[in-house]
Structures are given as structure tokens and as C-alpha cells.
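One structure, as C-alpha cells, below. Some questions next.
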Amino acid sequence: VLFRSLGPNARIFVRFADVPSSSLTHQLDQTDAQFAWKSVTAGATIQWKGVVHDLRFNYSFVHATSSWPGTPQTADLTALTPGDYYAGGNIVAAVSIGGIGQVVSGYGDNSVQKQYEAAYTAARQIGRHDMRAGLDFIQLLSEKVNSFTPSMSFTSPSLEALVSGDPLQVSFSGGRYSGASGHIPIGSAFAQDTFKVSDRLSLLYGVRWEITHPSDSAYSSTLSFGAWHGSTTQLLLPLGFSFINNIVNWPMRYGQVAPRFGAAYRFKKPEVVFRIGGGLFYDDALGSLINPVNLSPISWAWTPRGLGALPAFPGRPLASSPALFLPAVWEWRVTAEKAIGEKSNAFLSYVGSAGRKLLREQTILGSDQQTLLGFGFSSTGISDFEALVAQYRGQLTSRFAVLANYTWGHSIDTGSQDSAIFWTGPGYPVNGNRGSSSFDLRHNLTASVTYRLPESRRNGWWNGWNLSSTLYAHTGFPFDVTTVDRTIGLGFANTGRPDIVAGVPLWISNSSVPGGRALNPAAFQAPEGSGNGTLGRNVLTGFGAFQID
């Protein structure tokens, strides 16, 4: 960071950040991801004629790659792909055995995202009013270094089927971008005023206006599937099918206005500060739009429902997706805070939010409601959250301090991942997938204590030392049980849930596994037909955590 003062009323700065990082996860076999993030920010603060002017300029650059261990035999895979859609090069391949797991190999995503931002804020205090207003402009640019990274998966329903020599189900997918993959300008303006009505009452009110320009994301895609007999592929379609589809139907909207309001009042008796606030917030990050997950090699998905009826549509454009809206979230909070003595305080807070018109990706079906034509975004996602938060912070003695936080919360939604793809056919309504969020934590407790050791007048080596301890505990995260392995090229986020067998316990004791219990396989069975069973989404809860440091 470089900082310079230009007299008593002006100062400038320049900040540069270079943050490389990596991750190694095992959600889909062993995935190695590499990230390189660079950012440059320059700014100036100038006070002129009673107004404080603040300007910021930023450029950010992110490069991300992902790979899986090993190298596929591209010469063999080329013979298994339809037509001329693959002629060697990067490819992601997976072999999945039902009930066993999968092995994934290859080199996947190689993407670049850039961001340019300019912001200006003006602030002025007039009497009891502290007024602020500003403008913000962001240009998001997402690029795909590898415009065509196909994926291929070989799936066997069970180990028994593999040993008996049943043909493997093979699926192939890939795509090419048509022009830029995502150039999205976002503009906003805001104005607010903090009015100190009296020594006990303060009000805050303001409004923000968001403007998002239509996106130009488009791509062409290829799908094929069939049965692999060991050396050749018997395709269920002559060449699979391909399509060109503008996946983003983002009209220009000028009515995205977000009001906000807040108030704080201090009571005399009891000595309590009461705060209330709420407002509308638009989510303009649009991460799932600027980098369409359709072209990520592990995001293609389909289900056996109706696949045999898929016709070939070479080059045929699909019908446009429904018009999208900027995701909107209403948030509110009520808090009461009380001082306890001179060095302690406690507060109790109720927090809530309601997300509407959230972005989600779903299938595009033919007129028969069974034929899969492609994928597109919609504004049909919803979410709700409520929480009760309590905190105590106290200096009990001159040497002993305590901090404790407890949260009871419940998050509910119709989908918890931007990269998930949802089936939209009959029997899968949006509200039918409503359940606890995958990140829902019902109870969460953290507490810490600190004790400062007595000091010696002789200035001993132990002077200035503290002893501290931290406790962390929470309940488990919810999870789904499915009848299929959701591996590469197979499965939708809202399909595959089984029936619950009445009268059979869901868990059984097992001292040989972590947690001392395991799911009971006899409690679940595949439902009749292709719909979901009686088990709801995220009904079961995993193990909690308890730790003391």
C-alpha cells in the first residue's frame, strides 16, 4: 500500500494485492484447483467546501484451473465420441460404479474473470443530518481459455452388473462459446441520510438504484449417450444432438429500486438501546450468469427418463428462456442491547430474510414434457431465513473476561447451489424441492474465556502472559440420500430421492464408524416410476461438532 497526504484536505493511496491459492477436495474424486487473484486499487479523498469527496478505481483479475489425477487415454476416448466433436486434447473422463464410487481423470476448467470498477461518494453534515450519495459502476468480463473441454462418463448401476459383463452406459458432452462468454455492466446510485432527532433517537433512511445491462452469453453444445461394449459405442442417437441457445434472456430493467430504513432509541430505564432496521437488497454478483456452468465439464446432467426418445436437432435454435429478474432479498433485524455494569453488555437480536426471484438453472423440455432439449436459467428460486442471536461480552474481574455467542437459526430454500441443475418436468415443482438449506445450522455456540496472569513487581518473565480457552459447538448439516450416484454427466439436484420404509429405523448403531452410527440401508428403497420417493429434501441431519481449545 502506498499512501500520501496532499495537505490537510486531501490524500491519495494505491493498493496492490497478489493472492495465489489452491485447494484439494474429494467431493468428486480428487479435485485439484488452482487460483490466481490480482487486484489494484487507487483512490483519493478530498474535502472541499464542506463536502468530502471519495473516489475509488479498481481492476481485478482471477485465473482458475481445475484438474483430476491421471491422464485419460485420449486415443481410445476419441473412438467413443460421436462425429468430429472430439479429436484429442483436454478431456475429463469418469468411471462410476453404483454403490462403490467413481474415478475421475483429466484437465477441466481454465477460466479468466476480470473486473473494472469506479465508485464515487460525497458526504456532508448539515446540522443533525449526515447525508451521503454516490455512484458505482462495475464491468464484469468472464473468458473461457479452453472454449471446448468435453467430458465423458462410463456408468455401471452396480458391481454385480459390471462383473457380469453388462454394457456400460456412456455419455459424452461438450460445448463451444459463441462470442464472448459474459460481459456484464452494472451501474448503481444511492442516497441516504442519518438524522439525529434527539440524544436518544436516531433515524436512517435511504434508497439504492440498480441497473443491470442485458448479458450476451451464448454457447453451442453437444450431447450423446449410448451403451459401451468394450471396444465400440452403440449410440442411442445417430450423432447425439446439438443446439445453439442464448441461455440468458436478461432484459433492460430500470425499476430495480431498493429502499432501506433503520432506527435506534435509547431508553432511560432500563438502560437499553433498541434498534430496528430493514430493507431490500438486490444480488447483482450474477456469478452463475457470467460463467455459464453448462460448459463446466462436471455440470452436464441428465436422467434416464425419456432419453430413448431424444431426437437429433443439429444446429436448431431453442426457444428463448423466460425473462430473468435480478435476485431480490428482503432483510430485517430487531436488536435490544443492555449494558451490565461498566464493563459488560449483552444483546438479543432477531434476524430474518426472504429471497425471491433467485437464479437457478433448469432443464428446457419439449412439448411432450419428457424430451430434454437443453438447459437455461430461470428466476424461480426462493429462500427464507430466521435466526435468534444472543451475545454476552463481559469483563468479570480486572483479569477475567468472557465472550459467548449463541445462534438458533433455520435456513430454507429450493436449492442451495448456483451450479446445480434442476429437472423441471411433471412431478418436480419448484416448491416440491423446498427444504432445509444444505448449509443450515440449527444451533451454533461459541464461547471464549481469557485470564491475565498476575504480574510480579520484579518484572519477571511471566509478566504480560494470558491464558485463554475457546469452545465451539454446533449441530450437524442436513444431507440427502439418493438412489443413484450423482457423478459426472448423471443426475439432477432435485431427483433420485428414495421411499422411506415404514417402521424401520433410519440409523443403526455401529461402533466401527465415526460417530458410532450409520444409515440403515433397509430403511430406504427405490420408488416406483421415475419421480422422487417419500423422503423429503435434506430431511436427515449429519453429525455435529464439539471442540475445546
Side-chain angles (χ1 to χ4, degrees), residues 1-19 37-62 113-141 183-197 201-213 252-264 275-287 290 326-333 335 351 353:
V1 178
L2 298 178
F3 175 85
R4 182 174 179 82
S5 177
L6 304 177
N9 297 322
R11 59 182 183 270
I12 60 175
F13 76 91
V14 178
R15 180 175 63 244
F16 172 74
D18 184 0
V19 186
W37 179 73
K38 295 179 174 63
S39 177
V40 178
T41 304
T45 302
I46 304 171
Q47 185 173 355
W48 184 52
K49 293 186 178 182
V51 180
V52 178
H53 305 269
D54 192 83
L55 298 98
R56 295 286 189 273
F57 303 93
N58 171 264
Y59 168 74
S60 298
F61 172 92
V62 179
Q113 181 175 318
K114 302 176 184 178
Q115 172 181 294
Y116 301 89
E117 182 176 8
Y120 167 72
T121 302
R124 183 172 185 176
Q125 188 167 357
I126 302 177
R128 291 176 175 266
H129 295 268
D130 185 3
M131 296 178 291
R132 295 174 181 268
L135 302 170
D136 191 10
F137 175 79
I138 299 176
Q139 176 73 51
L140 300 174
L141 303 139
H183 293 192
I184 299 181
I186 302 172
S188 62
F190 81 94
Q192 72 174 47
D193 176 29
T194 302
F195 177 29
K196 191 174 182 180
V197 181
L201 176 63
S202 295
L203 301 177
L204 183 147
Y205 41 90
V207 65
R208 186 178 180 93
W209 182 32
E210 305 282 0
I211 302 176
T212 50
H213 194 273
M252 194 73 178
R253 301 184 187 277
Y254 297 97
Q256 297 169 160
V257 178
R260 288 91 184 267
F261 172 80
R275 297 184 178 91
I276 184 172
L280 177 62
F281 297 83
Y282 286 102
D283 180 11
D284 57 8
L286 305 180
I290 61 177
L326 201 61
V329 181
W330 286 97
E331 298 183 11
W332 56 90
R333 177 188 294 264
T335 301
V351 182
S353 70

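By convention here, the first residue in the shown sequence is residue 1. Computed from a predicted model, the values in this text were never measured in an experiment.
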**OP:** State the CG-CZ distance between Leu326 and Arg253, to the nearest 0.5 angstrom.
**Re:**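 If I round to the nearest 0.5 Å, the distance is 9.0 Å.
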Subject >> Chi angles and distances behind the side-chain contact (heavy atoms from CB on, under 4.5 Å) call for Leu140, Ile186 >> reply: CA-CA 8 Å; Leu140 300 174; Ile186 302 172; 4.0 Å; yes
**OP:** Decide yes or no for Leu6 and Ile12: does some side-chain heavy atom of the first lie under 4.5 Å from some side-chain heavy atom of the second?
**Re:**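 Counting from C-beta outward, Leu6 and Ile12 do come under 4.5 Å.
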**OP:** Evaluate side-chain contact (heavy atoms from CB on, under 4.5 Å) for Thr121 paired with Phe190, printing each intermediate quantity in order.
**Re:** CA-CA 9 Å; Thr121 302; Phe190 81 94; 4.1 Å; yes
**OP:** Considering non-hydrogen atoms only, spot the tightest contact between Glu210 and Ser188 and give its length.
**Re:**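 That closest heavy-atom pairing would be OE1-CB, 3.3 Å.
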Subject >> Straight-line distance of Gln47 CD to His53 NE2, nearest 0.5 Å >> reply: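 Gln47 CD to His53 NE2: 9.0 Å, rounded to 0.5 Å.
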Original post:
More than 12 heavy atoms of other residues, nucleotides or ligands under 6.0 Å from OH of Tyr254: is that the case?
Top reply: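 Check fails, neighbour count at 12 or below.
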Subject >> Donor-acceptor contact below 3.5 Å, side chain Trp48 vs main chain Ala10 >> reply: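 Checking the backbone N and O of Ala10 against the side chain of Trp48, no donor-acceptor pair under 3.5 Å is found.
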Subject >> Distance, nearest 0.5 Å, that separates CD of Gln192 from CG of Leu204 >> reply: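 The distance works out to 5.0 Å.
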Subject >> Smallest separation among heavy atoms of Phe57 and Ala118, with atom names >> reply: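 Residues Phe57 and Ala118, closest heavy atoms: CD2-CB, 3.9 Å.
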Subject >> Candidate pair Phe16 and Leu2, rule side-chain contact (heavy atoms from CB on, under 4.5 Å), full reasoning >> reply: CA-CA 9 Å; Phe16 172 74; Leu2 298 178; over 6 Å; no
**OP:** Measure the spacing between CG of Asp136 and CH2 of Trp209 and express it to the nearest 0.5 Å.
**Re:**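 Result: 14.0 Å between the selected atoms.
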Subject >> Validation row: Ile211, Met252 side chains within 4.5 angstrom (heavy atoms) >> reply: yes
**OP:** Report, as yes or no, whether the 6.0 Å neighbourhood of atom CZ on Arg56 holds more than 12 heavy atoms from other residues, nucleotides or ligands.
**Re:** yes
Original post:
Counting only heavy atoms not in Arg333, do more than 12 fall under 6.0 Å of its CZ?
Top reply: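 Incorrect, the count does not exceed 12.
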Original post:
If only atom types and distance count, is the side chain of Arg128 paired as donor or acceptor with the main-chain N or O of Lys196 below 3.5 Å?
Top reply: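 Flag set: sc Arg128 to bb Lys196 pair under 3.5 Å.
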Subject >> Pairwise distance CD(Gln125) to CE(Met131) - rounded to 0.5 angstrom >> reply: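 Here the interatomic distance stands at 9.0 Å.
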Original post:
If you look at every heavy atom in Arg275 and Ala264, which pair is closest and at what distance?
Top reply: CG-CB, 3.9 Å
**OP:** Indicate the atoms forming the closest heavy-atom contact of Leu203 with Phe261, along with that distance.
**Re:** CD2-CZ, 4.4 Å
Original post:
Would you say the side-chain atoms of Arg260 pair up with the backbone N or O of Leu280, donor to acceptor, closer than 3.5 Å?
Top reply: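 Yes; at least one donor-acceptor contact below 3.5 Å.
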Original post:
Relative to the ring of Tyr116, is the ring of Tyr59 parallel (under 30°), tilted (30 to 60°) or perpendicular (over 60°)?
Top reply: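 Tyr59 and Tyr116: tilted rings.
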Subject >> Interatomic distance, Asp130 atom CG to Phe195 atom CZ [nearest 0.5 angstrom] >> reply: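 Between atom CG of Asp130 and atom CZ of Phe195 there are 12.5 Å.
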Original post:
Is it the case that Arg208 places NZ or CZ above or below the six-membered ring of Phe281, under 6.0 angstrom from the centre and within 45 degrees of the axis?
Top reply: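 Cation-pi check for Arg208 and Phe281: fails.
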**OP:** Look at the side chain of Asn58 and the backbone N and O of Val40, then say whether any donor-acceptor pair between them is shorter than 3.5 Å.
**Re:** yes
